[in-house]
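Below is one structure; the comments refer to it alone.
Keep in mind that this is a model prediction, so the values were computed, not measured.
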Amino acid sequence: QVQLVESGGGLVQAGGSLRLSCAASGRTFSSYAMGWFRQAPGKEREFVVRISRSGVTTYYADSVKGRFTISRDNAKNTVYLQMNSLNPEDTAVYYCAASPLRYGSSREADFGSWGQGTQVTVSS
């Protein structure tokens, strides 16, 4: 398994931007597809976006499409989530996760390693 540590969360006003990072330990980072999930207060954790092992293929939830961008740097063992045009509905704890599947998945069960999460709060 891979160890994951998220960073970059914080408080931002509506319309603003944040960039989350997720650093992975180990030398097999490129063997994992990566995903971001989020959990808002009182709600279940939900899929946000995923990226394939190579970084070529991405898939976004409709709620973030056009506003969020996922990328990865396999040389730095890091995956990023650029979040633009944030709104209060984006407030949540954001988790990165690693999947052994080539393209990842939208299902939590397909991700075997999870970070501790980073809080994103968007004020109106």
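Note that the OG1 atom of Thr58 and the CZ atom of Arg72 stand 12.0 Å from one another [nearest 0.5 Å]. A distance of 12.0 Å separates OG in Ser52 from CE in Met34, rounded to the nearest 0.5 Å. Distance CD/Glu108 to CD/Glu46: 10.0 Å, rounded to 0.5 Å. Atom CG of residue Asn77 and atom SG of residue Cys22 lie 10.0 Å apart, to the nearest 0.5 angstrom. For the atom pair CD of Gln119 and CZ of Arg38, the computed distance is 12.0 Å after rounding to the nearest 0.5 Å. A distance of 7.5 Å separates CG in Asp90 from OG in Ser63, rounded to the nearest 0.5 Å.
Considering all non-hydrogen atoms of both residues, Gly115 and Glu6 come closest at CA-OE2, 3.2 Å. Scanning both residues, Pro88 and Ala14, for their nearest heavy atoms gives CD-CB, 4.2 Å. Heavy-atom minimum distance, Thr78 versus Ser21: CG2-CB, 4.3 Å. Closest approach of Val2 and Ala24 over heavy atoms only: CG2-CB, 3.6 Å. Contact detail for Leu81 and Tyr94: the closest heavy-atom pair is CD2-CD2, 4.2 Å. Contact detail for Gln1 and Ser113: the closest heavy-atom pair is CB-OG, 3.5 Å.
Between Thr69 and Tyr80 there is no side-chain heavy-atom pair separated by less than 4.5 Å.
Both Phe68 and Ile51 sit in one connected hydrophobic cluster of ILVMFWY residues. Membership requires side-chain heavy atoms under 4.5 Å apart, directly or through other members. Transitive grouping of hydrophobic side chains (ILVMFWY, heavy atoms separated by less than 4.5 Å) brings Tyr60 and Val48 into a common cluster.
Counting heavy-atom neighbours within 6.0 Å of Lys43 NZ, excluding the residue itself, gives a total of 12 or less. More than 12 heavy atoms of other shown residues, nucleotides or ligands fall within 6.0 angstrom of atom CD in Gln116. In Tyr59, the OH atom is not crowded: 12 or fewer heavy atoms of neighbouring residues, nucleotides or ligands sit closer than 6.0 Å.
Ring planes of Phe37 and Phe47: perpendicular class, angle over 60° (limits at 30 and 60°). Between Trp114 and Tyr95, the two ring planes are perpendicular [angle over 60°; tilted spans 30° to 60°].
A cation-pi geometry, defined here as NZ or CZ lying under 6.0 Å from the six-membered ring centre and within 45° of its normal, does not hold between Arg50 and Phe111.
A side-chain donor-acceptor contact under 3.5 Å links Ser25 to the backbone of Gln3. At distances below 3.5 Å, at least one donor-acceptor pair connects side-chain atoms of Thr91 with backbone N or O atoms of Val122.
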List the steps and the verdict of side-chain contact (heavy atoms from CB on, under 4.5 Å) for Leu20 and Met83.
-> CA-CA 8 Å; Leu20 306 184; Met83 305 186 294; 3.7 Å; yes
Could you give me the CA-CA distance, side-chain angles and deciding distance for Arg53 and Ser30, then say whether side-chain contact (heavy atoms from CB on, under 4.5 Å) is met?
-> CA-CA 5 Å; Arg53 295 173 184 171; Ser30 59; 5.8 Å; no
